[in-house]
Amino acid sequence: MKLYSPAVIMALKEKHKFRISKSLGQNFLVDQNIINKIIESAEIGEGDLVLEIGAGMGVLTAAAAEKAARVVAVEIDKNLLPVLKDALDGYGNIDIVNGDVLKMDLSELVGRSREGTAAAGAAAAGSGKTVVIGNLPYYITTPAIMKVLEEKMAVERIVVMVQKEVADRIGAKPGTKAYGAITAAINYYCTISVEKDVPRDVFFPRPNVDSAILRLDVRKEPPVSLVDEKAFFACIKAGFGKRRKTLQNALAGLYGLGKQEVGEALQSAAIDPSRRAETLSIEEFAALANSIRHTANSISPACR
Ligand code: SAM
C-alpha cells in the first residue's frame, strides 16, 4: 500500500474513523524523498534494531522494516493502532507498542524486542546496533532525545525530524544566540549534523513551521574528562538558567558557593568570570565543572 499521499491518509482516516490530533503533533509525512533521506541518514544495517518514536500511520516504520532486522515502534494514540495494523499488514518484523515514549523504560523495551519477546510470536532481532528514528511530535522533541541519551542504552545513532528552529539550536556554535543548554548537553553525548532542511508541505496536515532532519551520532567516549558528570550538567543548567548574567553571578549558590568562590573557581579554570554561559565551549564547561567541584569539596567535604 502507498502510504505517502494525503489521499491515502484520508482513506485510512475514513476507514478507521480516525481523527487527526493536533495536540499529539500528528503531521504525517507524505513525501517519499524525505522518508528515504531519514532512512539513508540512519544507515540501518540488516542485523539492526530500530526504535521508532511516534509511528503515526507507519510510513517510516515500513521503510525501516525493509532494512532492519526488527523495528519497535512506539505510538501513544491507541486510535492509530488499527490503522497501523492495516497499513503494516504483511511485515513480520515490526512490534507496535502503545504508550508514551517519555514514560517507558526504553532499554527494557529494546532488550525485549532484541530477544523477540516484545510482541507474541515475534522473532528476535539480529545482533547489530540500535538506531533511533522518528518524525518527532514537536512538543516532546527535547525530552525524547534527552531520554534516549540519558538512558545510555547503547544507541549508535538518532535520526529525527525536528522543528527547524530546534535543529538550529542543537547545531549552534558557542557565542551565537541559538547556543543554549540543549546544545551543550547534546554535544557532550553526540556529534551533531543537520542533514537537511525540510519544508512544511511534505506533511499532512501542513504544520505552521519548517523542519529539519537531525542526525546525532552517539560518541563512544565522552569528549571531555569530568570529575563528576552531574556537576557538568549543573553548571550548564545554572549558567543558561540566568544566561544574561555573568557566569560569576549565574553560578553563585551552586553547591553552596558564594560569588567570590565561584570567581576563584572560574579563574582557576582559566575562564574570565565576566563571561556568559553562551560563550563557553563544552571543553570550557568541563574545566569549569571540575574546578567548581574541586572548590566545593575543599570548602565542604560533605558536598562529595
Ligand atoms: N512517523 C509518522 C510519520 O512520519 O508520518 C508520524 C509522525 S507524527 C509527527 C508524530 C507521532 O507521534 C504521532 O503519531 C503522535 O500520535 C505520536 N506521539 C505523540 N506523542 C507521543 C508520545 N509521547 N509517545 C509516543 N508517540 C507519541
Side-chain angles (χ1 to χ4, degrees), residues 1-13 16 18-42 44 50-66 68 71-88 91 94-106 109-110 118 131-148 151 158-164 166-167 195-196 198-214:
M1 179 189 292
K2 274 195 173 184
L3 283 165
Y4 42 85
S5 77
V8 172
I9 291 177
M10 290 309 283
L12 283 166
K13 193 173 157 298
H16 295 281
F18 170 73
R19 278 170 171 240
I20 294 177
S21 161
K22 204 173 168 184
S23 64
L24 288 176
Q26 289 177 349
N27 302 99
F28 303 110
L29 270 170
V30 291
D31 185 305
Q32 191 63 41
N33 292 329
I34 299 297
I35 294 165
N36 293 347
K37 178 69 189 164
I38 294 174
I39 298 297
E40 260 168 43
S41 300
I44 301 165
V50 172
L51 169 65
E52 185 190 6
I53 300 175
M57 292 190 173
V59 271
L60 272 176
T61 327
E66 302 280 349
V71 180
V72 52
V74 180
E75 175 51 59
I76 198 170
D77 187 349
K78 67 174 176 0
N79 296 320
L80 276 170
L81 299 183
V83 183
L84 281 165
K85 192 167 181 295
D86 189 354
L88 300 173
Y91 286 91
I94 299 176
D95 290 332
I96 300 294
V97 179
N98 181 216
D100 181 346
V101 76
L102 298 181
K103 296 190 179 145
M104 285 180 183
D105 181 338
L106 297 178
L109 182 65
V110 165
V131 177
V132 175
I133 63 165
N135 167 16
L136 292 183
Y138 296 147
Y139 77 107
I140 61 159
T141 304
T142 306
I145 294 174
M146 288 311 291
K147 182 172 165 63
V148 170
E151 279 201 18
I158 302 173
V159 178
V160 280
M161 179 83 78
V162 300
Q163 211 171 316
K164 164 112 177 66
V166 176
E195 296 280 285
K196 187 175 175 55
V198 176
R200 54 195 82 179
D201 56 10
V202 305
F203 302 94
F204 181 82
R206 194 173 181 266
N208 294 327
V209 290
D210 291 324
S211 298
I213 300 171
L214 184 68

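Counting from 1, the numbers follow the sequence of the chain as shown. Each ligand, and each atom within it, is numbered from 1 in the order the structure gives.
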For residues [X] and [Y], report the shortest heavy-atom separation together with the two atoms involved.
| X | Y | result |
| --- | --- | --- |
| Val50 | Ala64 | CG1-CB, 4.2 Å |
| Phe203 | Asn27 | CD2-O, 3.6 Å |
| Lys147 | Leu102 | CE-O, 3.5 Å |
| Ser5 | Val30 | C-CG1, 3.9 Å |
| Arg200 | Asn208 | NH1-O, 2.8 Å |

Is there a nitrogen or oxygen of [X] sitting under 3.5 Å from a nitrogen or oxygen of ligand 1?
| X | answer |
| --- | --- |
| Phe28 | no |
| Met57 | no |
| Asn27 | no |
| Asp77 | no |

Please report which non-hydrogen protein atom sits nearest to [atom], along with the residue it belongs to and the distance in Å to one decimal place.
| atom | result |
| --- | --- |
| atom 16 (O) of ligand 1 | Glu75 OE2, 2.6 Å |
| atom 4 (O) of ligand 1 | Asn135 ND2, 2.9 Å |
| atom 27 (C) of ligand 1 | Ile76 CG2, 3.4 Å |
| atom 23 (N) of ligand 1 | Asp100 OD1, 2.8 Å |
| atom 5 (O) of ligand 1 | Leu29 N, 2.9 Å |
| atom 8 (S) of ligand 1 | Gly25 O, 3.4 Å |

Review point. Say you draw a straight line from CG of Asn36 to CG of Asp31; how long is it, rounded to the nearest 0.5 Å?
Key: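 The CG atom of Asp31 is 8.5 Å from CG of Asn36, to the nearest 0.5 Å.
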Give a yes/no verdict on whether any heavy atom in [X] is under 4.0 Å from an atom of ligand 1.
| X | answer |
| --- | --- |
| Ile53 | no |
| Tyr139 | yes |
| Met161 | no |
| Ile140 | yes |
| Gly134 | no |

Atom indices of ligand 1 within 4.0 angstrom of [X] heavy atoms, with elements:
| X | value |
| --- | --- |
| Gly99 | 24 (N), 25 (C) |
| Gly56 | 2 (C), 6 (C), 14 (O) |
| Glu52 | 1 (N) |
| Val59 | 3 (C), 4 (O), 5 (O) |

At under 4.0 Å between heavy atoms, is it the side chain or the backbone of [X] that contacts ligand 1, or both, or neither?
| X | answer |
| --- | --- |
| Ala55 | backbone |
| Leu80 | side chain |
| Phe203 | neither |

Practice item. Between Val101, Ile38, Leu24, flag the one that comes closest to atom 19 (C) of ligand 1 by a heavy atom. Key: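 Looking at heavy atoms only, Leu24 sits closest to atom 19 (C) of ligand 1.
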Practice item. Nearest heavy atom to atom 11 (C) of ligand 1 wins, so pick from Ser23, Ser21, Gly54. Key: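 Comparing heavy atoms across Ser23, Ser21, Gly54, the nearest one to atom 11 (C) of ligand 1 lies in Gly54.
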Practice item. For Asp210 and Gln163, indicate whether the former's side chain and the latter's backbone hold a donor-acceptor pair under 3.5 Å. Key: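 A pair under 3.5 Å: no.
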Show the atom names and distances, to 0.1 Å, of all donor-acceptor pairs under 3.5 Å that link a side chain in residues 53-63 to residues at least two apart or in another chain.
{"residue": "Thr61", "atom": "OG1", "partner": "Glu52", "partner atom": "OE1", "Å": "2.5"}

Practice item. Tell me, yes or no, whether the heavy-atom count around Asp100 atom CG, taken from other residues, nucleotides or ligands under 6.0 Å, exceeds 12. Key: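 It does: Asp100 CG has more than 12 such atoms within range.
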Exercise for review: Verify the neighbour count for atom NZ of Lys196: are there more than 12 heavy atoms of other residues, nucleotides or ligands below 6.0 Å?
Suggested key: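 Count not over threshold, so no.
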Review point. With a 4.5 Å heavy-atom cut-off, do Tyr138 and Val209 have their side chains touching?
Key: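 Result yes, sub-4.5 Å side-chain heavy-atom pair found.
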Check your understanding: Quick one: are Ile213 and Ile34 in side-chain contact, heavy atoms under 4.5 Å?
Key ->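 Ile213 vs Ile34: side chains touch.
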**Study point:** Intermediate values then yes/no, side chain to side chain contact (heavy atoms under 4.5 Å, CB included), Lys37 and Val198
**Key:** CA-CA 11 Å; Lys37 178 69 189 164; Val198 176; over 6 Å; no
Practice item. Quick one: list whatever passes side-chain hydrogen bond (donor to acceptor under 3.5 Å, both in side chains) with Tyr139, sequence neighbours left out. Key: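 In terms of side-chain hydrogen bond (donor to acceptor under 3.5 Å, both in side chains), with neighbours along the sequence ignored, Tyr139 is linked to no residue.
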